[in-house]
Structures are given as C-alpha cells and as structure tokens.
Undergrad: 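Just passing along the structure, written as structure tokens.
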Protein chains: 2
Amino acid sequence: MNKLLTVIVDDHPIVIEGLKTLLKNEDNLEIVGGFSNGAQLLSYLNRNPVDLVLLDVTLPDIGGMELCQMIKAQFSATTILILSNHTERSIIMQTIQNGASGYLLKNSSLEELRQCIAAAVKGNICYSKEVVEIISRPTKNQLRNTPQLTRREKQILSLLAQGKTSQNIAQEFFLSSLTVDTHRRNLMQKFEVKNVAELIAAAHQQQLL
Amino acid sequence: MNKLLTVIVDDHPIVIEGLKTLLKNEDNLEIVGGFSNGAQLLSYLNRNPVDLVLLDVTLPDIGGMELCQMIKAQFSATTILILSNHTERSIIMQTIQNGASGYLLKNSSLEELRQCIAAAVKGNICYSKEVVEIISRPTKNQLRNTPQLTRREKQILSLLAQGKTSQNIAQEFFLSSLTVDTHRRNLMQKFEVKNVAELIAAAHQQQLL
DNA sequence: TAGAAAATACCTAAAAACCAGTAGAAAAAA
DNA sequence: TTTTTTCTACTGGTTTTTAGGTATTTTCTA
C-alpha cells in the first residue's frame with residue numbers, strides 16, 4: 001500500500017514542525033508539505049495529489065470552514081482532518097458538515113491522532129476524546145433559560161422570520177396590526193433583545209425556528 | 001490486556017447471533033451477553049462488569065435514547081456503540097448527545113465495526129462511512145443557493161445579527177451610516193429577502209452565522 | 001369560580017429601516 | 001494595464017419598527 005500523502009496547514013510554523021516530527025516515523029504516511037495559509041494549500045493541491053489534509057480552522061487568509069468546502073468541492077478524494085484549539089461546539093459541528101472527517105484538539109496524543117487518521121482515511125468520522133466531551137456537553141442554549149412563549153407568540157415569531165411585517169401578520173391572523181406590535185414587543189422583551197434581527201438570531205440559536 | 005467484555009442489545013435475535021458469529025474470532029473482545037430489550041440489559045449491568053454495549057435504538061420496552069442516558073448515568077465507564085438502521089440525521093445526532101460513542105448502520109463491514117470499536121473504547125467517537133454521508137448531506141443542499149458575500153457584507157451581517165443598528169455599525173467601522181445602509185440593501189438583495197428578520201433567518205439556515 | 005395569564009387593541013412620537021436610484025474611489029482580478 | 005468588483009457615500013422620500021404607556025376581553029387553571 002502506498003503511503004498517505006499528507007499536508008499540514010497551520011498558521012503557526014511551530015505546529016507544522018511539531019507535527020512533522022511527530023509523524024515522521026509513521027510508516028503509513030508521508031508529510032509532503034506544510035503551509036501557513038489557505039491560498040498556499042489550494043495552489044499545492046492544484047499541482048499535486050494529496051490524500052490527507054491536517055487543517056487548522058484559524059488561518060490568516062481564509063476561514064477553515066470555507067477552505068473545507070473548497071477542498072471537498074474540487075478534490076473530493078482528499079480527506080480532511082481538523083486540528084484546532086477551538087473548543088466551541090458549533091464550530092466543531094460545522095466542520096463536519098463542511099466535509100471534514102474528524103476533529104482533534106492540538107493537545108491530542110499521537111495515539112489519538114493515529115486513531116483518527118486511520119478512521120478518516122477509511123471514510124469514517126472520528127472525534128478525539130476531548131472533543132467528545134465538548135459535543136456531549138449540553139449546549140449553552142439548554143443551560144440558558146429559554147423564554148417561555150405563548151402560542152400566538154410562536155406563530156408571530158415564525159412569520160417574522162419569514163420577513164412578514166406586522167401588517168402582513170395582522171391580516172393573516174385577522175388581527176389589528178397594533179396587536180401584532182404588542183406581541184412583537186413582548187417577544188423582544190422575553191428574549192431580552194433590541195430588535196427583530198437579534199430576535200431571530202436568538203430564536204434560531206435556541207432552536208425555536 | 002484483558003478482553004473487552006461486550007454485550008449486544010437488539011430486538012432481533014438474528015442480529016444478535018450474526019454479530020456474535022462475526023465477532024467470535026476477534027481476539028480483543030469477548031461477547032458475554034445478548035439481550036433483546038433494555039430491562040434485561042440493565043439487570044445484567046447491575047450484576048456484571050461490561051466494557052462495551054452494542055446497542056440498537058429501537059427496542060420493545062424503552063427507547064434507545066433513554067437507555068443510553070441511563071447506562072451512562074449509572075455505568076459511566078461503559079462504552080456505548082449504536083448499531084442501527086435508522087438513517088435520520090436528527091436521531092444520529094441525538095445518540096451522541098446522550099452519551100453514545102459512535103453510530104453504525106447494520107450493513108457496515110466488519111472492518112468498519114472493528115475501526116469504530118477501537119476508536120470508541122479509547123474514548124473517541126466514530127461514525128461509519130454511510131453515517132458520515134447522512135450527516136453531511138443536508139448541508140450540501142443548503143450550499144447550492146448560498147450567496148457569495150464580500151468581506152464587508154459578512155462583517156455587517158454578523159453585527160446585524162447582534163441587533164446593531166446601521167448607525168451602530170457605521171460607528172464601529174468608521175463609516176457613514178448611509179454606506180452601511182447600502183451594504184444592508186445589497187445583502188438583502190443577495191439573499192432575496194425583504195427585511196433583516198428574513199435576512200438573519202436565511203443566513204442562519206445557511207450556517208453563515 | 002376567582003385570579004392569573006394570554007390575547008386583544010389603542011395612543012403618540014421618535015427612530016430606524018426600506019426603496020430606488022446615482023456615482024466616485026479603491027482594490028482586486030484578468 | 002485594463003476591467004471588474006467592492007467599498008464608499010449621497011439624495012429624497014415612504015414605510016415600518018420601536019419605546020413609552022394603558023386597558024378590555026378571553027382563556028386557562030388552581
């Protein structure tokens with residue numbers, strides 16, 4: 001079996017070197033490049049075959065998410081493994097949806113890295129132990145008390161998210177637009193927000209839409 | 001190293017037998033039990049040490065989700081791997097939330113099963129290839145009509161979601177509020193929406209926030 | 001069945017958002 | 001270097017939202 005052609009992308013050269021050293025003795029993979037930004041990576045990918053990309057999500061030129069998408073769109077055979085210090089749940093989940101095959105924190109052991117690489121190149125997804133803890137932790141939303149909405153408020157919230165004005169909504173429900181205004185105001189009060197934009201964002205974060 | 005004490009829980013006896021046969025020759029694990037419902041499993045767990053549970057989510061007496069939680073609450077050292085035919089995205093995500101260390105479809109290969117067991121007992125999470133596809137699928141659809149945003153537009157979109165007014169944003173970026181208005185208008189045009197409320201909702205659905 | 005919660009509706013006035021254009025400067029791409 | 005895109009800013013007008021309130025009726029529910 002051929003060795004896995006592997007590249008490392010990280011804005012810290014130290015991390016690149018560290019990984020190179022760590023993986024030097026792996027007999028099933030070969031580090032063929034280390035890049036400090038997304039543009040360099042894409043340029044390399046256009047010229048050379050690559051099996052595996054070890055990718056940091058914070059890069060100077062382009063977000064790791066977009067980069068993920070771009071790599072997957074153009075080089076679908078290439079496996080992406082995220083190696084990051086980001087411990088936010090939403091970020092982790094997003095990377096997977098953008099085509100990454102796993103997520104590890106930078107303090108992962110070589111053993112974990114091996115494990116995840118093995119799973120990833122076989123097409124599976126693998127999260128390291130620390131990442132598992134983050135994922136299983138209840139989301140912020142669940143900790144934060146989600147406001148208790150009445151039936152009407154939910155209806156109106158949903159129509160607001162569809163871009164309807166108070167008047168539109170009033171017509172739809174055979175109400176006075178003034179009534180809708182009141183509901184709208186109560187909604188904003190319950191969510192402790194200043195305007196509809198923030199209202200919709202908050203509602204979305206709490207999975208109410 | 002001791003063998004992994006493994007139990008199988010599935011309401012189809014055939015599946016239990018099949019798995020037993022399949023895993024009989026694995027030298028790192030030993031099947032110590034096969035149960036067709038949750039009560040039997042819990043009763044066994046109370047009397048015997050178990051390292052790994054291969055669990056189906058559809059059981060006659062109790063939902064796999066609840067069972068997962070109960071196992072993890074009482075026997076936190078026990079690893080749970082879901083083995084199911086459910087292909088709904090939300091169910092898969094939920095099992096992880098409830099403490100499972102992985103998810104495989106029943107048509108997975110022995111190789112995949114091995115891979116996931118290995119990852120799971122080390123504390124990682126592992127999804128089989130088919131499951132990966134399910135997880136990544138819905139977003140691909142969403143990505144189709146994702147508008148291409150400029151850097152400024154992204155910045156402004158993000159501040160809008162925080163409930164900032166055009167004037168607030170203008171101050172933050174040392175711009176005229178009229179400029180921010182223009183960006184805001186362009187954003188709405190790109191997303192084909194009528195106002196910020198819908199804009200935020202659309203952006204959220206496309207994971208741009 | 002009384003009291004609480006929810007839904008309804010109104011007033012005023014300021015603030016902000018939205019519409020439909022135009023247009024120069026700066027930056028990026030070809 | 002030329003072309004295109006992005007960012008910037010404006011005019012002028014309309015619509016909608018937001019921020020204070022208050023108040024009656026309906027619907028739960030304890």
Undergrad: Determine the contact category for B/T150: base if any of its heavy atoms lies under 4.0 Å from a base atom, sugar-phosphate if only primed atoms, P, OP1 or OP2 are that close, otherwise nothing.
TA: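 B/T150: backbone/sugar contact only, no base atoms under 4.0 Å.
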
Undergrad: Assign A/N195 to base, sugar-phosphate, or nothing according to its heavy-atom contacts below 4.0 angstrom with the strands shown.
TA: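 Touches sugar-phosphate only.
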
Undergrad: Report which part of the nucleic acid B/T165 touches: base, sugar-phosphate, or nothing (heavy-atom distance under 4.0 Å, all strands).
TA: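 Counting heavy atoms under 4.0 Å across all strands, the contact made by B/T165 is with sugar-phosphate only.
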
Undergrad: Look at A/T179 and C/dA9 and indicate whether a side-chain polar atom (N or O) is within less than 4.0 Å of OP1 or OP2.
TA: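 The answer is yes; a side-chain N or O of A/T179 sits under 4.0 Å from OP1 or OP2.
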
Undergrad: Using the heavy-atom set of chain B and a strict 4.0 Å cut-off, write down the first and last nucleotide of DNA chain D that makes it in, 5' to 3'.
TA: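 With heavy atoms of chain B under 4.0 Å away, the range is D/dT6 to D/dT11.
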
Undergrad: Starting from the 5' end of DNA chain C, give me the residue, A/K190 or A/S177, whose nearest nucleotide shows up first.
TA: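 So the residue in question is A/K190.
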
Undergrad: Regarding A/T182, tell me which of base, sugar-phosphate or nothing describes its non-hydrogen contacts under 4.0 Å with the strands shown.
TA: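 If one applies the 4.0 Å heavy-atom cut-off, A/T182 turns out to touch a base.
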
Undergrad: Check whether more than 12 heavy atoms from other residues, nucleotides or ligands sit under 6.0 Å from atom CD of B/E111, and answer yes or no.
TA: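 Counting neighbours around CD of B/E111, more than 12 heavy atoms of other residues, nucleotides or ligands fall under 6.0 Å, so yes.
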
Undergrad: Just how far, in rounded Å, is C1' of C/dA15 from CG of A/D181?
TA: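 To the nearest whole Å, that distance equals 14 Å.
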
Undergrad: Over how many whole Å does the gap from A/I169 atom CD1 to C/dA7 atom P extend?
TA: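 Answer to the nearest Å: 14 Å.
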
Undergrad: Touch check for B/R185, heavy atoms < 4.0 angstrom, all strands: base, sugar-phosphate only, or nothing?
TA: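 Since a base atom lies under 4.0 Å of B/R185, the category is base.
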
Undergrad: A side-chain contact here means heavy atoms from C-beta on lying under 4.5 Å apart; do A/I134 and A/Y127 qualify?
TA: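 No, too far: nothing below the 4.5 Å cut-off.
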
Undergrad: Figure out the CE/C1' separation between B/M188 and C/dC18, and round it to whole Å.
TA: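 Distance check: B/M188 CE to C/dC18 C1' gives 6 Å.
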
Undergrad: Taking atom CG of B/N124 and atom CD of A/E130, what is their separation to the nearest 0.5 Å?
TA: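 Answer for the CG-CD pair, B/N124 versus A/E130, is 8.0 Å.
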
Undergrad: Which pair of heavy atoms, one from B/L149 and one from B/L187, lies closest together, and at what distance?
TA: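 Heavy atoms only, the tightest pair is CD2-CD2, 3.9 Å.
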
Undergrad: For B/Q189 and C/dA20, give me the distance from atom CD to atom P, rounded to whole Å.
TA: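 Distance check: B/Q189 CD to C/dA20 P gives 9 Å.
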
Undergrad: Once you round it to whole Å, what is the distance between C1' of C/dA7 and CG of A/L149?
TA: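 Spelled out: CG on A/L149 to C1' on C/dA7 is 14 Å.
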
Undergrad: What is the distance, to the nearest angstrom, from the NE2 atom on B/H183 to the C1' atom on C/dA17?
TA: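 B/H183 atom NE2 is separated from C/dA17 atom C1' by 17 Å.
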
Undergrad: In the strands shown, is D/dA30 matched to any nucleotide by a Watson-Crick or G-U wobble pair with both distances under 3.5 Å, and which?
TA: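 Partner of D/dA30: C/dT1.
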
Undergrad: What is the distance, to the nearest angstrom, from the CZ atom on A/R152 to the C1' atom on C/dA7?
TA: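 So the CZ-C1' distance, A/R152 to C/dA7, works out to 8 Å.
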
Undergrad: Starting from P on C/dA17, measure out to CD1 on B/I156 and report it in whole angstrom.
TA: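 From B/I156 CD1 to C/dA17 P: 12 Å.
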
Undergrad: Test your reading of the model: is there a side-chain donor-acceptor pair from B/T78 to the backbone of B/V50, 3.5 Å cut-off?
TA: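 Answer holds: yes.
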
Undergrad: Map A/K194 and A/Q167 onto DNA chain D by nearest heavy atom, then report which one ends up closer to the 5' terminus.
TA: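 Looking at the nearest nucleotide for each, A/Q167 comes out on the 5' side.
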
Undergrad: Give the minimum heavy-atom separation between B/I82 and B/C68, together with the two atoms involved.
TA: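 Scanning both residues completely, I find the closest heavy atoms to be CD1-SG, 4.0 Å.
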
Undergrad: Which pair of heavy atoms, one from B/P147 and one from B/Q206, lies closest together, and at what distance?
TA: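 Scanning both residues, the minimum pair turns out to be CD-OE1, 3.6 Å.
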
Undergrad: Categorize B/R151 for me: base, sugar-phosphate, or nothing, with a 4.0 angstrom heavy-atom threshold over every strand shown.
TA: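 Sugar-phosphate contact only - B/R151 comes under 4.0 Å of backbone atoms but never of a base.
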
